[in-house]
Amino acid sequence: MVSDLMKDWGTVPTLWNRRHLLGLEELSAAEITLILDQAERFRGVLTSGDRKIPLLNGKTCVNLFFENSTRTRTSFGLAARRLGIDVVEFSAATSSLSKGETIIDTAKNLEAMQIDCVVVRHSCPGTPKFLAENINSVVLNAGDGAHEHPTQGLLDILTIRQRFGTLKGLTVALVGDIAHSRTARSNIQGLKKLGANVIVCGPSTLVSRYWEEFGVECSYSLDDILNRVDVFNLLRIQFERQVVRPFPSIAEYAHLYAMNGERMQRTKKDVLIIAPGPINRGVEITPEVADGPHSAILDQVTNGVAVRMAVLWLTLARSAEY
Ligand code: CP
């Protein structure tokens, strides 16, 4: 029964004191674990008969997306509705931004309509922080350029934790376009804090040795690391963020870095394959691997709703107390 669930849910743990979620860089290991634990509880609600727990009835959230999205936008909207939040979908393309209105004026006008939360995706790194400094609403980062994608990092880590029980001591390889990936940055921050060993792997034009300063191993050969990795997170090549093509051809990239059936034969027996999506079949991953028994790609998507419910609840329920 929804009413029993609501009664037993409890209040936001005192550890959580943040108004916004801007990135995993600013969170402690304990805060990340708190979000993951709450997401597990919300996943239980989602997979129950009711699917709903209207803990935030009467709150209003705006999805302010300046870049395309399937998973993040839909799951933030769904997570909000599952919690009883009213959701407004803002379309940048058909808004008055085209008439020269600034993003701050846009956000302040939306806020004047008595909203409580802005979920923002923008190609410019730092946009969520800029908004958080200039408006009163809760701001949640849904991806800012190549900087961070915190809820993606959280759902990736939750999926790994569900499979292995812990992050401690696991070796997780992020393979592909590290240079342009906000998912990679959020994964590195979260995985390192929870005790995983992280390898970044890809062509030298997309993997900087700079990561070694953060205790991350760099590899330029997927074949060399296959047998010592517990989790492969296969990242899309982000052609839309690249000025020049960083390798001669897609066929050559796939030859060297695609996870395929033959490479899977050389991985650990219980290897986990994840990918943030959208996936490009035949580039970073072949269909037999994407749809195969080691893949948790669609499980990640389910976890995405649970993680976003947890983040909305923690931030909005806490901010109501201020
Ligand atoms: N993983 C992810 O952010 O997907 P979308 O771009 O579809 O939201």
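These numbers come from the heavy atoms of this one structure, side chains and all, not from hydrogens, waters or symmetry mates. Note that this is a predicted model, so its numbers are computed, not measured. One-based numbering, in listed order, for ligands and for the atoms of each.
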Notebook entry, point to check: Do you see a donor-acceptor pair shorter than 3.5 Å between the side chains of S75 and R308?
Noted result: yes
Note to self: So, taking the atom named CZ in R51 and the one named CG in L78, what distance separates them when rounded to the nearest 0.5 Å?
What the structure shows: 9.0 Å
Check: Counting heavy atoms only, which of S69, G143, G277 comes nearest to atom 8 (O) of ligand 1?
Finding: S69
Item checked: Sub-4.0 Å atoms of ligand 1 with respect to non-hydrogen atoms of T70 -> 5 (P), 7 (O), 8 (O)
Check: Hey, which atoms in ligand 1 end up nearer than 4.0 Å to a heavy atom of P276?
Finding: 1 (N)
Notebook entry, point to check: Between D224 and R266, does at least one N-O distance fall below 4.0 Å, as a salt bridge requires?
Noted result: no
Next item on the list: Hey, could you give me the CD1/CD1 distance between I135 and I115, rounded to the nearest 0.5 Å?
Entry: 6.0 Å
Next item on the list: Write out the residue and atom name of the closest protein heavy atom to atom 6 (O) of ligand 1, then the distance separating them to 0.1 Å.
Entry: R121 NH1, 2.9 Å
Next item on the list: Look up atom CG in L22 and atom CD in E148, then write down how far apart they are to the nearest 0.5 Å.
Entry: 9.0 Å
Notebook entry, point to check: Looking at T72, which atoms of ligand 1 are within less than 4.0 Å of one of its heavy atoms?
Noted result: 2 (C), 3 (O), 4 (O), 5 (P), 8 (O)
Note to self: Going by the closest heavy atom to atom 3 (O) of ligand 1, which one wins out of R71, R182, H149, R73?
What the structure shows: H149
Note to self: Can you confirm whether N303 sits close enough to R43 that some side-chain heavy atom of one is under 4.5 Å from a side-chain heavy atom of the other?
What the structure shows: yes
Next item on the list: Indicate yes or no: does an N/O atom of P278 lie under 3.5 Å from an N/O atom of ligand 1?
Entry: no
